[in-house]
Amino acid sequence: MHRHVLRLHEKYGAVVRLGPSEVSFIDGAAWKDIYSLKRCRQIERDPKSFPALTPNGARFDLLTYSPSDHAKYRKILNPSFSEKATREYEPTIHQDTDTFIKKLSAKLQDRDLKINLTQWLQWLTFDMVADVVFGEPFDCVTDERSHPCLALSMDLVSFSSFVVFVAWWTGLKNFLVKLSGVEGLFINMVRKQCDKNLSSKSEKASIFLNLRKAGGPLNQAEIDGNLTALVIAGSETTGFILTATSYYLATNPECFRKAADEVRSAFPSAANINDDDIRKLPYLRAVVDEALRMTPAEPNGLARKVVIDGIDIANQYIPKNTAIYVSQFAQNRHSSHFHLADEYHPERWLNDPRFKNDSLELVQPFIQGVNVCIGRGLAWMEMRVILAKMLWNFDWTIEVKDREPFEKAKAWHVWMKNPVHIKLLPRGTLKA
Ligand code: HEM
């Protein structure tokens, strides 16, 4: 769909009607006009595009359709994502990354080692989000095996998109959701992890501990819903962007060299790697920014619905009940916004004059406004630490025949997680 929407925008311009009551925008003004805080009572999350995966259709989480419930959950959860709180999770992020690096290092004796990076990074980010939410990882990396909830959330990528199409047929939707077992599996997981945390009396920084310290402001259904949402939203997105960045570095050896040189010269040993210093590395930041531009984690529209009589969006009158959104992939790959839009150039983020007319401000991978990603600070810290440690320890490359699964990946609500097989090598194997 993402490629088709891009073609339609190239043919018809910045505003395209994609269905009887559905309009896609790639105009710069649309971000603010659709998603900003001041519009949140005029334009709401579209339930059709975000069907609740609970049998009775109720939502008790941050993805709720109710602006007042949303504001309540945001107020309760925001402190767990403040800069101060996020810094408290840094030791956890290092520890989980070190387990990952150790596991992969042990495999390096095999000279022709190829690993499915998609899989490994999904395991790592799933472990990490569990560790931050409940104070304990799922041990996917240690056991080299997907936790049942991770396996299910991978299947949910296409399943939830299918549910979107049948959402109007409530009976069928509810039957499918029940059949999938999704609700039960996640609720059991959340309750088991919370019980473990309670009985261990762990004081390790975690979101669940913060909620306990705040006196338990969420009821059981709200804990089930919000902690499930955090685990799903916080793992596959970060894992995917790390896979994408690693893929682009593998296919652009000059970029790999610059990023690896920057990290290796900043830290004399892996033990010195810390987030305060990684933040100061401009090229590392640019390689991730450029991956987020090329393959945003949410490539298609995050639909909102006009709930007042009519409204102007990017100078276009939009009537009540129309679904509207910014299509990120189409916007980020459109030739009118970016020079060499289909090519990976971290330099465009570093004032390279070749890209002086690029509209960098349009790249909003975490969107903006009332639903801006609550976990963006945490995601950035995870991506910086994982990537810095990977670049410090390894070289990697990818054979031409292994590129297709990434290049041709389909995207529904989010991307299908096709396997990306890279050749993992000891640091310094690839010569400049
Ligand atoms: C590279 C990584 C990530 C990307 C690109 C990303 C992107 C996004 C986007 C685009 C949204 C808006 C969805 C919408 O309103 O329709 C969002 C919301 C959200 N994200 Fe993230 N995210 C990432 C990582 C995380 C992490 C690490 C967490 C938490 C552990 C998280 C938790 C959430 C939650 C709970 C929401 C709903 C916020 C709300 O509606 O108030 N995300 N994210």
Side-chain angles (χ1 to χ4, degrees), residues 31 34-37 39-40 43-51 59-78 80-81 85-86 89 92-93 96 121-122 124-134 160 164 206-208 210 222 225-245 288-289 291-305 323-329 331-332 363-387 411 413-415:
W31 274 126
I34 298 175
Y35 299 95
S36 74
L37 194 59
R39 289 277 166 101
C40 75
I43 300 171
E44 294 178 2
R45 212 189 273 283
D46 187 358
K48 269 205 226 120
S49 301
F50 293 86
R59 285 210 91 116
F60 301 102
D61 59 29
L62 273 169
L63 300 171
T64 173
Y65 322 117
S66 148
S68 51
D69 282 350
H70 178 262
K72 177 180 113 180
Y73 298 147
R74 201 72 201 206
K75 202 169 164 197
I76 291 169
L77 289 164
N78 270 341
S80 286
F81 290 94
T86 307
Y89 310 135
T92 301
I93 288 167
D96 293 337
L121 287 167
Q122 289 295 327
L124 173 59
T125 49
F126 201 63
D127 277 348
M128 218 173 240
V129 81
D131 216 353
V132 168
V133 174
F134 305 109
S160 62
V164 169
S206 72
I207 294 171
F208 186 61
N210 296 341
E222 294 169 334
N226 280 299
L227 300 192
T228 296
L230 290 177
V231 169
I232 296 181
S235 51
E236 67 90 25
T237 41
T238 318
F240 174 77
I241 296 302
L242 281 163
T243 305
T245 309
V288 183
D289 274 331
L292 283 162
R293 181 191 70 83
M294 295 275 289
T295 48
E298 308 266 10
N300 293 311
L302 294 166
R304 301 295 187 259
K305 193 172 74 174
I324 48 175
Y325 46 79
V326 171
S327 294
Q328 289 197 50
F329 182 87
Q331 181 192 252
N332 296 359
V363 181
Q364 299 281 346
F366 300 96
I367 72 163
Q368 50 173 247
V370 67
N371 296 113
V372 62
C373 173
I374 197 169
R376 62 200 186 286
L378 175 64
W380 269 112
M381 185 190 271
E382 291 184 23
M383 294 192 292
R384 281 190 296 265
V385 170
I386 296 170
L387 211 54
H413 193 72
V414 291
W415 297 89

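For this chain, numbers begin at 1 and follow the sequence in order. We count ligands from 1, going down the list as the structure has it; atoms in each ligand are counted the same way. Model, not experiment: these values are computed from the prediction.
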For Ala297 against Ile241, the heavy-atom pair lying closest together
N-CD1, 3.9 Å
Given Leu378, Ile374, Val231, which one has a non-hydrogen atom that is nearest to atom 34 (C) of ligand 1?
Ile374
With a 4.0 Å heavy-atom cut-off (strictly under), which part of Leu302 contacts ligand 1: side chain, backbone, both or neither?
side chain
Applying a strict 4.0 Å limit to heavy atoms, is His70 in contact with ligand 1?
yes
Residues Thr86 and Met381: closest non-hydrogen pair is O-CE, 3.6 Å
Give the residue and atom name of whichever protein heavy atom lies nearest to atom 33 (C) of ligand 1, and the separation in Å to one decimal.
Ala233 CB, 3.7 Å
Between atom CG of Leu63 and atom CG of Asn371, what is the distance when rounded to the nearest 0.5 Å?
8.0 Å
At what distance is the nearest protein heavy atom to atom 37 (C) of ligand 1, and which residue and atom is it?
Leu63 CD2, 3.8 Å
Side chains of Thr238 and Met128: closer than 4.5 Å at any heavy-atom pair?
no
Contact summary for Val129 and Ser235, nearest pair of heavy atoms
CG1-CB, 4.0 Å
Over all heavy atoms of both residues, which pair between Tyr325 and Leu302 is shortest? Give the atoms and the distance, please.
CB-O, 3.6 Å
re atom 26 (C) of ligand 1, the protein heavy-atom contact at minimum distance is Gly234 CA, 3.3 Å
Is Trp415 reaching over with its side chain to a backbone N or O of Thr237, donor-acceptor style, under 3.5 angstrom?
no
Show me which atoms of ligand 1 lie under 4.0 Å from any heavy atom of Arg74.
38 (C), 39 (C), 41 (O)
Report yes if some N/O of Glu298 lies less than 3.5 Å from some N/O of ligand 1; otherwise report no.
no
Under 4.0 Å from any heavy atom of Ile367, which atoms of ligand 1 are there?
10 (C), 12 (C), 15 (O)
Within 4.0 Å of some non-hydrogen atom of Ala297, the atoms of ligand 1 are 5 (C)
Side chain to side chain donor-acceptor pair (under 3.5 Å) between Asn210 and Ser80: does it pass, once the steps are laid out?
CA-CA 7 Å; Asn210 296 341; Ser80 286; 3.0 Å; yes
When you compare the side chain of Ile76 with that of Lys72, does any pair of heavy atoms fall below 4.5 Å?
yes
Check contact between Arg45 and ligand 1, using heavy atoms of the residue and a distance below 4.0 angstrom.
yes
For atom 42 (N) of ligand 1, grab the closest protein heavy atom and report residue, atom and distance to one decimal in Å.
Cys373 SG, 3.0 Å
Side chain of Asp69, backbone of Asp61: donor and acceptor closer than 3.5 Å?
no
What one should report as the nearest heavy-atom pair of Tyr73 and Leu62 is CB-CD2, 3.8 Å
Sub-4.0 Å heavy-atom contact, Pro365 with ligand 1
yes
Under 4.0 Å, counting heavy atoms only: does Arg304 come that close to any atom of ligand 1?
yes
For ligand 1, which atoms, with element, lie under 4.0 Å from some heavy atom of Thr237?
2 (C), 3 (C), 4 (C), 23 (C), 24 (C)
Just need the protein heavy atom nearest to atom 4 (C) of ligand 1, so name the residue and atom and give the distance.
Phe366 CE2, 3.4 Å
Heavy-atom contacts with Val129 under 4.0 Å: which atoms of ligand 1 show up? List them by number with element.
30 (C)
Spell out, as yes or no, whether a donor-acceptor pair under 3.5 Å connects the side chain of Thr295 to the backbone of Ala291.
yes
Here the atoms of ligand 1 under 4.0 Å from any heavy atom belonging to Leu230 are 30 (C), 35 (C)
Would Gln328 count as a polar contact of ligand 1, with the cut-off being nitrogen or oxygen pairs under 3.5 Å?
no
